[in-house]
Each structure stands twice: as structure tokens, then as C-alpha cells.
Number of protein chains: 2
Amino acid sequence: MLSQTVEYALRAVVFLADKVESQKTGQIAEATKVPPAYLSKVLQGLCRVEILRSQRGIGGGMSLAKKPEEITILDVVNAVEPIGRIDSCPLGLKEHGVQLCALHRRLDNALAMVEDAFRNTTLAEVLSDPNPSVPLCDFPSAHG
Amino acid sequence: MLSQTVEYALRAVVFLADKVESQKTGQIAEATKVPPAYLSKVLQGLCRVEILRSQRGIGGGMSLAKKPEEITILDVVNAVEPIGRIDSCPLGLKEHGVQLCALHRRLDNALAMVEDAFRNTTLAEVLSDPNPSVPLCDFPSAHG
DNA sequence: GGAAAATTGGATGTCAAGATCCTATTTAGC
DNA sequence: GCTAAATAGGATCTTGACATCCAATTTTCC
């Protein structure tokens, strides 16, 4: 239900949120197990919406454009593939104004719950979660 | 975030939940504004999991295989495109057992909320919703 | 200024979802 | 049994998501 690209993007930003220096896309790709060439495109997209910042040339790479406390899961998801809330009748009929029918209102409520959950979770919260499994599952807690 | 096919399937079952007689796929397609040939395939899938029942020949068509109180949104969604809960680390690492990391646990929690919401909504509830917009937006309340 | 290191972006390939069409099969009614 | 009405299912087409590759551009360091 969540696209592969969203998953890739989230892995990358979580990985970067833990780092103080910029990281090359190759490093990020290896750590997050994402195809490097494809990850490159995904990261470009995240740069355009200013979640990431890129630096070319020697010593360059990718880094967060904001503090981890200022980036939410929703920011990342929306940059890649918006949740797609239902804001008007998908059948296109306007007979009932903006009010959704029972079916679509319930579907949209579910989407709203997801959106809220994502909006209320920052990268900082993910990193500080007292979960014995470290983010991305396979990283020892080597920060830097 | 919800696939087009899920939307089509839900429209069809909600439409049928309101009918006592079986409906031809062409009628369903027209009412729900879904491409007829494609809807046919979707309905076939719903028959296989026994959400719908089909009847060939003159006077045949599609009808619910169960009472509207016994079919949930989740039943329909799962028949077409399962929610895709995250039950193990997407990176494939097993170092931390079955425990998800902070990122994936939060993503899975969001999926769980959707799953619960869908499991707790039957077609009967959708139909009896006191919403001024009738289901599928454009149907007058002509039952039959 | 030249070489090496990195991202950028265009072109292209692959595969599954979405969609269509046509024939086969089943069924009701005569 | 024959015919008309309906679904079943196979073959095919189209489009977008996912993915790869390579040349162009920017940047640092010497």
C-alpha cells in the first residue's frame, strides 16, 4: 500500500538524519540496500522540495536540509507520492456538493488517520525511539 | 494510496449491497462508472473469494454472496490488493529477530490503523450511514 | 588550468497494473 | 434441441512505476 519509492526515500532520510557529514549516494544506497542509480533519482526529488541538500564535487554528497526535528514522515511521503486524500467524489458527480458519500468518507477517514500519524512523527522521534532494533534494522549504533 | 482497482471493487459491492436482484456487469459498470471490460475481471476475482456470486445466462448477473452485514471493506480490499502489513524487516536483515525498527514499526502501525478501520466497517454500515449524499454520490435512493 | 569526485539529467529498458477485445462456456426459455 | 443472454477466460495493448546507463555539469584539490 506504500510504494517502493516511499520506502526507499524514508530509509535514505532516516539514514542521513543520523549523520553529521554529507554522504555519497553510493554510501546511502549500500547502507539502505536500494539500487544506487534509482536512489539517485529519488534523492534528487527530495532535494527539489528541500528536504535534502546536495553538494557536487570532491567531498560532496547528500545531507538533510533541515534539522531532524523539522522533517516529518509526511514531508518525505508527500515529496515522493502524496497520500492522495479524497477531497471530492471520485465519480465526478457534483450533485451533492463537496460532501462525500458514506463509502468515500470512510476511505478518506482512513487516509486522514495515516496522514495524521505521519505528520506527527519527525525523523528525530524515529531516531530517539527506545526500540532495541536500530533504524534500518542492520546498523550498529555507530553515529557520525 | 489506494489502488484504482480497490476503488472499482468497492463501488461495485456497495452498489450490489443495495440491490435484491442480481445485476449485469454492464449495469454495474454504468452505475459505478467503471470500464465494463475491466470491471468484469475485477468482479470475477470477487467471485473467486466468494464475496460475490455469479449467474450465467438469461436473467443472470452478479449478486452478493453474503449479507451486507457479513462483508467488510477489508474483505473487499484484501480480495483485490492486500493492505501489505510489514511483518518483517524490508531490508531482509534478521539480526534483530521479528522486532521491527522504529521506522518500520511506525509505518506498520499506520497500516494497522487502516486495516482496523476497514475491518470494522461492513457494507451494511456504509448503506445505513446517515449521510445526505447517497453511496456512490449519484444514485437517488431507488432501492430494488 | 587540469584531473578527479561527485551530483544532474536525458535516454532507455523492464515489468506489473490498468484496460480492451474476442471467443468459449453456461443457462433460461421457447 | 435451439437460441438468446449472460459470465469466464485467454490474448493483447497501453501506461506508469521501477530501474539502469551514460554523458554533462559542478566542485575541490593540486
Side-chain angles (χ1 to χ4, degrees), chain A residues 1-13 15-16 19 21-65 77-84 90, chain B residues 1-13 15-16 19 21-65 77-84 90:
Chain A
M1 211 176 140
L2 294 170
S3 78
Q4 194 70 1
T5 307
V6 163
E7 164 76 20
Y8 292 166
L10 286 170
R11 282 188 211 170
V13 294
F15 176 76
L16 284 172
K19 303 282 179 295
E21 297 179 353
S22 72
Q23 304 283 313
K24 289 155 221 157
T25 60
Q27 293 176 317
I28 304 172
E30 186 176 15
T32 59
K33 299 194 173 170
V34 174
Y38 188 63
L39 182 61
S40 168
K41 301 291 187 193
V42 176
L43 298 181
Q44 274 179 45
L46 295 175
C47 285
R48 276 185 217 108
V49 297
E50 293 180 318
I51 287 173
L52 298 186
R53 181 174 296 145
S54 66
Q55 177 66 38
R56 298 204 218 190
I58 297 174
M62 295 281 178
S63 55
L64 290 196
V77 169
N78 276 339
V80 166
E81 180 205 37
I83 294 283
Chain B
M1 212 176 139
L2 294 170
S3 78
Q4 194 70 1
T5 307
V6 162
E7 165 76 20
Y8 292 165
L10 285 170
R11 282 188 210 169
V13 295
F15 176 75
L16 284 172
K19 302 283 179 295
E21 296 178 354
S22 71
Q23 304 284 314
K24 289 156 222 156
T25 60
Q27 293 177 317
I28 305 172
E30 186 176 14
T32 59
K33 300 194 174 170
V34 174
Y38 188 62
L39 181 62
S40 168
K41 302 290 188 193
V42 177
L43 297 182
Q44 275 179 46
L46 295 176
C47 285
R48 277 187 216 107
V49 298
E50 293 181 319
I51 287 174
L52 298 186
R53 183 174 295 144
S54 66
Q55 176 67 36
R56 298 204 218 190
I58 297 173
M62 295 281 179
S63 55
L64 290 197
V77 170
N78 276 339
V80 166
E81 181 206 34
I83 295 283

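In the text below, chain A, chain B and the rest are named by the order of the sequence lines, each starting its count at 1.
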To the nearest 0.5 Å, tell me how far A/Ile51 CD1 sits from A/Met62 CE. 12.5 Å
Comparing A/Pro36 and B/Gly61 on DNA chain D - which has the more 5′ nearest nucleotide: B/Gly61
Between C1' of C/dA5 and CD of A/Gln55, the distance in whole Å: 12 Å
Protein-nucleotide distance (B/Leu43, atom CG; C/dA19, atom C1'), rounded to Å: 14 Å
If we only count heavy atoms from C-beta on, is the A/Val80 to A/Leu46 side-chain gap below 4.5 Å? yes
Is there a side-chain contact between A/Thr25 and the phosphate of C/dT7, meaning an N or O under 4.0 Å from OP1 or OP2? yes
Minimum side-chain heavy-atom gap A/Glu81-A/Thr5 below 4.5 Å: no
Quick check for you: name the first and last nucleotides of DNA chain D, 5' to 3', having an atom under 4.0 Å from a heavy atom of chain B. D/dA4 to D/dG10
For C/dT8, does either OP1 or OP2 sit under 4.0 Å from a side-chain N or O belonging to A/Ser54? yes
Sub-4.5 Å side-chain heavy-atom contact between A/Gln55 and A/Ser22: no
NA contact type, B/Gln44, heavy-atom cut-off 4.0 Å: base, sugar-phosphate, or nothing? base
What is the separation between atom CD1 on A/Ile58 and atom C1' on C/dT7, rounded to the nearest whole Å? 13 Å
Using the side-chain heavy atoms of A/Arg56, tell me which of these nucleotides is nearest: C/dA19, C/dT7, C/dT26. C/dT7
Using side-chain contact (heavy atoms from CB on, under 4.5 Å) as the criterion, point out the one residue from B/Glu21, B/Arg53, B/Arg11, B/Gln23 that pairs with B/Leu16. B/Gln23
Rounding to 0.5 Å, atoms CD1 (A/Ile83) and CG (A/Leu2) come to a distance of 7.0 Å
DNA chain C nearest-nucleotide lookup for B/Pro35 and A/Gly26: closer to the 5′ end is A/Gly26
Separation of C/dT14 atom P from A/Tyr38 atom OH, nearest Å, is 17 Å
Can you measure A/Glu21 atom CD to C/dA6 atom P for me and round it to whole angstrom units? 13 Å
Rounded to whole angstroms, how far apart are CD on B/Glu7 and C1' on C/dA19? 16 Å
No-H, no-angle donor-acceptor pair, B/Lys41 side chain to C/dG18 base, under 3.5 Å: no
Considering heavy-atom distances to DNA chain D, does B/Gly59 or A/Tyr8 have its closest nucleotide positioned more toward the 5' end? B/Gly59
Separation of B/Leu43 CG from B/Arg48 CZ (nearest 0.5 Å): 11.0 Å
